[in-house]
Amino acid sequence: MPRDDASLVSRAPAKSRRDAAEMSNERVARVLDDVADMIDLGGEGTFRAVTYRAAARAIRDLREPLGVYRDQGRLTEIEKVGPSVSAVIVELLDTGTAKRYEELVARTPPGLLDLLRVPGVGPATARTIYENLKITTIEELEDAAREGRLQQLPKIQAKTAERILQSIEQLRRRSGRSLVHHALRDAGTVLAYLREHAPAARLEIAGSLRRMAETIGDIDVLAATEAPPRAVHDVFAAYPEVERVLARGETKTTVVLRSGQQVDLRTVAPASWGAALIYFTGSKEHNVRLRHVALTRGLLLNEYGLYRVGEESGPALAGATEEDVYGALEMSWIPPELREDRGEIDAALAHRLPVLVRRPDIKGDLHTHSDWTDGRDSLEAMARRAKQLGYEYVALTDHSISLGMAKGMTVDRIRERNAVLERLDRDLRPFRVFSGCEVNIRADGALDYEDEVLLLFDVVTASIHSAMHQPKDVMTRRIVGAMRNPLIDAISHPTGRLLERRDAYEVDVDELIRVSAETGCRLEVNGGPERLDLADVSVRRAIAAGAPLVINSDAHAIGELEWMEFGVANARRGWATAAAVENTKPLDAMLAHIERRRRSERPR
Ligand code: DGT
Ligand code: CA
Ligand code: CA
Ligand code: ZN
């Protein structure tokens, strides 16, 4: 199993007193959840398990550390925390473990808890599997399912076994990498701390985060310093958010933050800054190709600089800046998002790199939600924030009615909401506020609303939120059907993937691209950091095929409007120029588009 398995399995509470003093609410909650799971596994009766689970949930919602409640004697004031759970929490905070927990651990066959991690395996199933087959690891479970042994057990159907196999595969693919917004948040605080305290001339994020890759392994920070680098590394290791220093060398320190995020810091001399920034930004594949280009010119490129072969100990031809190094190789400077060895090196040699879309090119956000359905903020708050962000327009696209997870809009509520939006639209001029909808494409391909209801909106995006396990051709036809309706402006998060959580549904993306280019129905690049959907490689194919794109935040709160940035980064990784993105066009073009839609005319 890949390395994420460690995080799946390491559920034991902290051992040392020092860690115990710092046991976070999340870790306490996790121990309480484990207690609940183990009670269930033991078949002790579910009532007590429910108590622990409810307490864990309440603890996750707290704003203050549990230590504060303990110190003020207020633990039992927390919802769902009674005297017995409170005693367990005190024990956990004081010692890092609890007797109740240890007793249960001693009684539970090792590994059995891990089986509960597999979606589709509840306590009853886990117990049946263990009692009959003595299975305690995910690998054994997989083997048993493959060999048809699971299906022979009482109460386990072939379908359950199939589902378990799929779940295991997904668990395995989950690589335990960070989503970009989480990594960026950690990187931001690390950089702010270093900028204030470390004696470094320059500091920059490198690695996959600088390339704005879909997910981030570790964060790489590069520092330039004239002085011996020791001082910078000392300051870094003393960063209060550092949980553990994993490695410490002359020019490299690796730590794990309390968030679980691993961070590498490297120091270089200012004369090597550019060469080092290229090297540590990667990608590795880009570096390999770049070194190859250097070699064909009789040059050697490494993290210290660019040298004539055989003169590596002499002065570098270039190295202080990235522009110098790429320039000395007779190449254009390459934006980090393109450094994946996907043709950018040849394009830079020919000085024909695309001028990539930038965040300020975006004139409006066409996929946002308010508290009229599942958003957290009001229409007014969302619209005002969108205006503040410098857009010319925004569409509020709350959910259609049948969507189980959100309280969708009835026709009456659509009209009521439209009245609010019209007032906002007048108040915020010249900024424009459009009434929009994210309409659900049902399992049979029908939309939640008839055309006459769709006409109550200026902007409609369609998406899949249910029946995601259909065969590829069925799913593709289902989405293409929506695209052929001229009242549908765009398809949102076209593949439904959730990074690190759920695979894309089966769909022929190239067919969606073809139909998009044919009909003018746009394909969305969703900026939600868990989605980034379309993926970068699909963005590139869409552009090549002439399919129109929109980049949207899918914000469910005002702060999430800034997720547009991630959508833009993802589009840049797909080589998108502003011209390829419809919502870089100014208000006039947007109004003309709305007018054509109202007449059910396709934009092209
Ligand atoms: P990650 O951390 O998995 O999200 O991906 P990266 O790209 O940040 O990879 P990381 O942290 O292992 O290394 C940072 C950069 O350092 C990487 O993008 C390129 C460079 N690098 C690391 N190892 C090698 C290597 O063996 N050869 C070359 N050419 N470059 C390397
Ligand atoms: Ca990295
Ligand atoms: Ca690294
Ligand atoms: Zn949405």
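First listed ligand is number 1; within each ligand, the first listed atom is number 1. All of these numbers come straight from a predicted model, not from anything done at the bench.
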Three-point angle Glu438:OE1, the Zn ion (ligand 4), His367:NE2, rounded to the nearest 10°:
90°
Keeping Asp489 on the side-chain end and Val460 on the backbone end, is there a donor-acceptor pair under 3.5 Å?
yes
Side chains of Phe457 and Met409: closer than 4.5 Å at any heavy-atom pair?
yes
Opening angle between OD1 in Asp218 and OD2 in Asp264, taken at the Ca ion (ligand 3), to 10 degrees
120°
Any Ser400 side-chain heavy atom under 4.5 Å of Leu447 side chain:
no
Hey, does the side chain of Arg597 reach the backbone of Pro486 with a donor-acceptor pair shorter than 3.5 angstrom?
no
Will you find, in the side chains of Glu380 and Ser378, an N or O donor that is under 3.5 Å from an N or O acceptor?
no
Is the Zn ion (ligand 4) under 2.8 Å from any N, O or S atom of His369?
yes
Looking only at N, O or S atoms in Asp554, which is nearest to the Zn ion (ligand 4)?
OD1
Among the N/O/S atoms of Asp220, which is closest to the Ca ion (ligand 2)? Give the atom name.
OD2
